[in-house]
Participant: 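The following block contains the structure, expressed as structure tokens.
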Amino acid sequence: MKILRDTWLVFSRQILLLLRNPVWVVVGVLQPLLYLLLFAPLLKPALGVRTNAEAYQVFVPGLLVMLAIFGALFSGFGLIAEMRAGVIERSRVTPVSRLALMLGRSLRDVVTLLVQGIMITLIALPFGLSVELQNVLVAYLMLALIAMLCSAVSAAVALKVRSEDALAPLLQTVSQPILLTAGILLPLAFAPQWLKNVAKWNPFSWAVDGVRDLFNGHPGTDHVWQGLTIVGLLTVLTVVWAAREFAKSVR
Amino acid sequence: MMIETHGLKKSFRSRQGRETKTVEAVRGVDLAVAPGEIFGFLGPNGAGKTTTLRMLATLITPDGGSAVVAGADLRRDPGEVRRRIGYVAQGGSTWDESSGREELILHARMYGVSKAEAKRRAAAVLDAFQLSEYADRKCKTYSGGQRRRVDIALGIIHQPKIVFLDEPTTGLDPQSRAHMWDEVRRLRDESMTVFLTTHYLEEADALCDRIAIMDHGQVVAEGTPDSLKQEISGDVVNIGLTDVARGAEVLGSAEFVRKLETMDDGLRLYVDEAGSAIPLILRSLDSGGVGIGTIELHRPSLDDVFLTKTGRTLRES
Ligand SMILES: Nc1ncnc2c1ncn2[C@@H]1O[C@H](COP(=O)(O)OP(=O)(O)OP(=O)(O)O)[C@@H](O)[C@H]1O
Ligand SMILES: [Mg+2]
């Protein structure tokens, strides 16, 4: 099918360019490692747990969601650079599928995230993280959807504002409250009621709850299907939005 | 016709502080481009050349008017237009970190070509544009001229019926420009239609079979470079004379002189065609007994055409 072929074409080019850049590869590997090794011990008292193992059980799911959001949310900068170089316009005069232009790039972000996620999970295991494979696979699905969603939002906004100077403050402003009210690094169990009410409106807080339950061996909770549904729907919407921006005029 | 447009229009709204201003970039353009010709769009900065090209290449939708490009209707069937045309943007289109060959293969594949075929075509165009030597280096290491040649190769790798080249030679040194002209002529000889923009008078004159002069979003003149020049003033003959007043008397009533201006040391004569007029002028002056000093022929340039049509010269606008 044309859309699959075109998506593969865009995706394989993006991955090739990513691997060619050694800085990216090193940062992509080191950054999650640092989070894992430095943060978890620090958080032990705050989380009210006694062992590192317990801390990882709470912290790793949050860390993964954070990486999924942030890694993908900032991919719009690369897109603006491509726009400036004329690469996007060059693609748009060909009959290539506009959805593929979008999906191929977002799948690069999804794959990057999954590679990081698998690495983090594997490294956390010897420190005492304990998970079941089938639950973790569902958690990865949730993470993949989050990455796709954020990548699509980033692309759509980048195509709209067309300048790094506008994109940077915009993303900062949006991402900070999202991060804080999602209970990403610390669960909201001990938060005041008003913060919990705000968090209900944050789709990522549902996703984090779902991922935590999956990592803690409770795949059947409401959090899991609710999180998957909310994130899944939003992903479809934002992908459509971003693909339309790709089809529209871009200078 | 390879391209036919009627009343093509586009305006942009841009925000400046609090006000929104409307720029009428293209204000009703009618064009007809024949198959196999090099058609040039000549005009100063901001004339609307790029905007017109971007409309014809399906990158932006016109506000009004219609166009048929390579046999496909621009509004009803933009997908088919895309399959039949190539487009090379004014600002280039290569990515720093990939090589010319990679760019060409990817681009060919975006037109649905198989990988093996894309590789074969990339090798062929790299060869044709004398790029084989640098083909596997990253684009960021290319010179301006090499990079521009990759751009053009990208535009024609799928063998389109027509290719749009937006300022193919801007920023190139004279030698690279001459090379580029040869490349463009070669494309035409392979029966491709070439639609290019330029603000170099010499380029429009030397390279294009037909040109349209554009100013403020409108076509102000269209034709072959020679016909445009002849249309405005014919040729100009400056003659140095010993007796200017007597010369003016002799030639003032001659029907082959369209217009006559008196200068300090001679006359300026506007004639339809210098080749046939000069013998007549000489004969008249001779029989009138006027001594002739120098004789100088001035052919009108495209700049003169621009001047008569717009009241400005292209060089100052
Ligand atoms: N995306 C846009 N938004 C707002 N104004 C635009 C946009 N694109 C073009 N314009 C305006 O439309 C007019 C025509 O621009 P265009 O790029 O077509 O000119 P041009 O003839 O190609 O000029 P140049 O020789 O400088 O390339 C200019 O006034 C330009 O500022
Ligand atoms: Mg232009």
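The chains referred to below are lettered A, B, ... by the order of the sequence lines, with proteins before strands, and numbering in each begins at 1.
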Participant: Could you grab the distance from atom CD of Glu24(B) to atom NE2 of His216(B), nearest 0.5 Å is fine?
Facilitator: 12.0 Å
Participant: Taking side-chain contact (heavy atoms from CB on, under 4.5 Å) as the criterion, tell me which of Ile69(A), Ile120(A), Ile146(A) meets it with Leu64(A).
Facilitator: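 That would be Ile120(A).
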Participant: Could you tell me whether Lys160(A) and Glu245(A) make a salt bridge, using a distance below 4.0 angstrom between a side-chain N and a carboxylate O?
Facilitator: yes
Participant: Salt bridge check: are Arg84(B) and Glu80(B) linked by an N-O gap of less than 4.0 Å?
Facilitator: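 A salt bridge links Arg84(B) with Glu80(B).
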Participant: Which atoms of Leu9(A) are under 4.5 Å from chain B, going by heavy atoms: the side chain, the backbone, both sets, or neither?
Facilitator: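 For Leu9(A), backbone and side chain are both near chain B.
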Participant: Could you list which of residues 101-117 of chain A have a heavy atom closer than 4.5 Å to any heavy atom of chain B, in residue-number order?
Facilitator: Leu101(A)
Participant: Answer whether the closest heavy-atom distance between the side chains of His158(B) and Val113(B) falls below 4.5 Å.
Facilitator: no
Participant: Go through the atoms of Leu154(B) and report whether side chain, backbone, both or neither lie under 4.5 Å from a heavy atom of chain A.
Facilitator: side chain
Participant: Which atoms of Ser97(A) are under 4.5 Å from chain B, going by heavy atoms: the side chain, the backbone, both sets, or neither?
Facilitator: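 For Ser97(A), there is no contact with chain B at all, as no heavy atom is under 4.5 Å.
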Participant: Answer with side chain, backbone, both or neither: which region of Ala81(A) has an atom nearer than 4.5 Å to a non-hydrogen atom of chain B?
Facilitator: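 Contact with chain B is through both the backbone and side chain of Ala81(A).
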Participant: Between Pro78(B), Gly155(B), Gly92(B), Gly86(B), which shows the greatest number of heavy-atom pairs under 4.5 Å with chain A?
Facilitator: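 When all of Pro78(B), Gly155(B), Gly92(B), Gly86(B) are compared, Gly92(B) has the most.
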Participant: Given Arg90(A) and Asp151(B), is the side chain to side chain contact (heavy atoms under 4.5 Å, CB included) satisfied, shown in steps?
Facilitator: CA-CA 10 Å; Arg90(A) 184 183 103 198; Asp151(B) 285 332; over 6 Å; no
Participant: Taking atom types as modelled, is there a side-chain donor on Thr50(B) or Asp166(B) under 3.5 Å from an acceptor on the other?
Facilitator: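 Short answer, yes.
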Participant: Angle between ring planes, Trp8(A) versus Phe11(A), binned at 30° and 60°: parallel, tilted or perpendicular?
Facilitator: tilted
Participant: Could you give me the CA-CA distance, side-chain angles and deciding distance for Phe41(B) and Cys208(B), then say whether side chain to side chain contact (heavy atoms under 4.5 Å, CB included) is met?
Facilitator: CA-CA 9 Å; Phe41(B) 234 7; Cys208(B) 299; over 6 Å; no
Participant: Relative to each other, are the rings of Tyr56(A) and Phe127(A) parallel, tilted or perpendicular (30° and 60° limits)?
Facilitator: tilted
Participant: Could you look at Arg84(A) and say if it's the side chain, the backbone, both or neither that has a heavy atom under 4.5 Å from chain B?
Facilitator: neither
Participant: Just give me the residue among Ser12(A), Pro95(A), Ser91(A) that pairs up with chain B most often, heavy atom to heavy atom, under 4.5 Å.
Facilitator: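 Option with the top pair count is Pro95(A).
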Participant: Let me know if Glu103(B) has heavy atoms under 4.5 Å from chain A in its side chain, its backbone, both or neither.
Facilitator: both
Participant: If you count heavy-atom pairs within less than 4.5 Å of chain B, which of Glu82(A), Arg20(A), Lys2(A) leads?
Facilitator: Arg20(A)
